[in-house]
Amino acid sequence: MKQKILFVCLGNICRSPAADGIMQHLVRKAGAEGRIGVDSAGTYAGHTGELPDHRMRAAAARRGYNLTHRARQIREKDFYDFDRIVVMDDYNYESVHRLAPSRELANKIYRMRDFFTTFAERWSHVPDPYYEGAEGFELVLDMLEEGCRNLLKEML
Ligand code: 4NP
């Protein structure tokens with residue numbers, strides 16, 4: 001059966017669509033498209049329908065990721081449709097946890113930092129790059145590449 005991962009951040013225009021694009025790239029490279037499905041969503045609906053932020057799209061494109069996701073808000077149904085819901089920070093965790101239909105389904109929520117190795121020492125979350133400079137986007141991509149690689153290893 002296909003394992004499905006949903007990445008979640010606040011706006012679904014910076015961190016989670018980048019994680020989505022990176023994971024899809026890694027899954028394709030591993031030849032695991034038939035076994036692993038990937039999507040992303042935001043806790044906030046204000047960017048619904050939008051492509052990822054142009055700064056994130058540019059930074060991701062320089063690393064070979066083409067981000068084409070259209071933003072959407074997470075909904076209760078996602079707890080039934082996905083096996084793992086991976087959030088970027090504690091604020092996302094609280095919002096997603098509140099939405100969980102049951103305690104059992106809330107066990108599907110993970111934090112991206114659970115999959116950090118080298119970043120684990122200094123970071124307990126993936127910082128929101130929205131109000132940051134260009135370095136913020138590069139740092140987020142570095143973190144997401146590490147987290148996604150480790151998460152995929154665990155799932156294969
Ligand atoms: P994201 O970044 O959660 O990584 O997509 C943000 C995007 C938009 C906003 C906040 C964070 N916003 O407040 O509009």
Side-chain angles (χ1 to χ4, degrees), residues 4-28 36-79 81-101 105-152 154-155:
K4 292 175 72 183
I5 315 165
L6 181 69
F7 293 106
V8 176
C9 61
L10 177 61
N12 193 211
I13 55 169
C14 294
R15 292 165 293 175
S16 63
D20 186 348
I22 289 167
M23 195 56 148
Q24 286 195 33
H25 176 92
L26 294 174
V27 165
R28 256 197 315 276
I36 297 175
V38 188
D39 192 11
S40 64
T43 58
Y44 164 67
H47 294 281
T48 297
E50 291 178 21
L51 278 170
D53 184 281
H54 66 95
R55 296 163 297 175
M56 182 53 95
R57 267 190 290 149
R62 284 194 293 274
R63 298 185 187 209
Y65 310 114
N66 181 25
L67 305 184
T68 58
H69 178 76
R70 292 283 176 172
R72 72 168 179 91
Q73 190 176 28
I74 185 173
R75 50 185 179 250
E76 247 188 77
K77 186 173 178 289
D78 290 319
F79 281 90
D81 292 345
F82 290 87
D83 301 288
R84 295 187 192 232
I85 298 175
V86 182
V87 303
M88 300 297 148
D89 60 32
D90 288 345
Y91 181 60
N92 309 148
Y93 187 91
E94 292 306 321
S95 311
V96 172
H97 204 276
R98 267 199 301 277
L99 187 69
L105 288 166
N107 287 333
K108 292 185 174 185
I109 310 170
Y110 297 79
R111 293 175 169 88
M112 188 53 110
R113 70 129 190 264
D114 299 339
F115 307 102
F116 284 171
T117 39
T118 68
F119 283 106
E121 201 178 304
R122 288 194 50 210
W123 291 92
S124 59
H125 68 287
V126 182
D128 187 346
Y130 194 65
Y131 298 105
E132 303 292 324
E135 327 80 59
F137 288 86
E138 297 302 330
L139 172 66
V140 164
L141 287 170
D142 288 341
M143 289 178 159
L144 295 176
E145 283 179 334
E146 178 173 293
C148 286
R149 256 198 316 272
N150 290 326
L151 170 57
L152 180 62
E154 209 181 285
M155 295 178 75

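Atoms within a ligand are numbered from 1 in the order they appear, just like the ligands themselves.
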Would you give the length of the straight line joining atom CD1 of Ile109 to atom OG of Ser95, rounded to the nearest 0.5 angstrom?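 That separation rounds to 10.0 Å.
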If the plane angle is over 60° it's perpendicular, under 30° parallel, otherwise tilted; pick one for Phe115 and Tyr110.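 The arrangement is tilted - the two ring planes meet at 30° to 60°.
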Could you tell me whether the side chain of His69 and the main chain of Asp20 form a donor-acceptor pair under 3.5 Å?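 Here the side-chain-to-backbone pair does not exist.
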Any donor-acceptor N/O pair, Asp89 side chain to Asn92 backbone, under 3.5 Å: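 Indeed, once roles are kept as given, a pair shorter than 3.5 Å links the two residues.
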Write out each pair where an N or O from ligand 1 and one from the protein are under 3.5 Å apart, with the distance.
residue	atom	partner	partner atom	Å
ligand 1	2 (O)	Asp128	OD1	3.2
ligand 1	3 (O)	Leu10	N	3.0
ligand 1	3 (O)	Gly11	N	2.9
ligand 1	3 (O)	Arg15	NH2	2.9
ligand 1	4 (O)	Arg15	N	2.9
ligand 1	4 (O)	Arg15	NE	2.8
ligand 1	5 (O)	Gly11	N	3.4
ligand 1	5 (O)	Asn12	N	3.3
ligand 1	5 (O)	Ile13	N	3.0
ligand 1	5 (O)	Cys14	N	2.9
ligand 1	14 (O)	His47	NE2	2.7

Within 45° of the six-membered ring axis of Phe137 and under 6.0 Å from that ring's centre, is NZ or CZ of Arg57 located there?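 Not satisfied by the 6.0 Å and 45° rule.
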Report the C-alpha distance between Asp78 and Arg72 in whole Å, list the side-chain angles of each, state the deciding distance to 0.1 Å, and finish with yes or no for salt bridge (charged side-chain N to carboxylate O under 4.0 Å, His left out). CA-CA 12 Å; Asp78 290 319; Arg72 72 168 179 91; 2.9 Å; yes
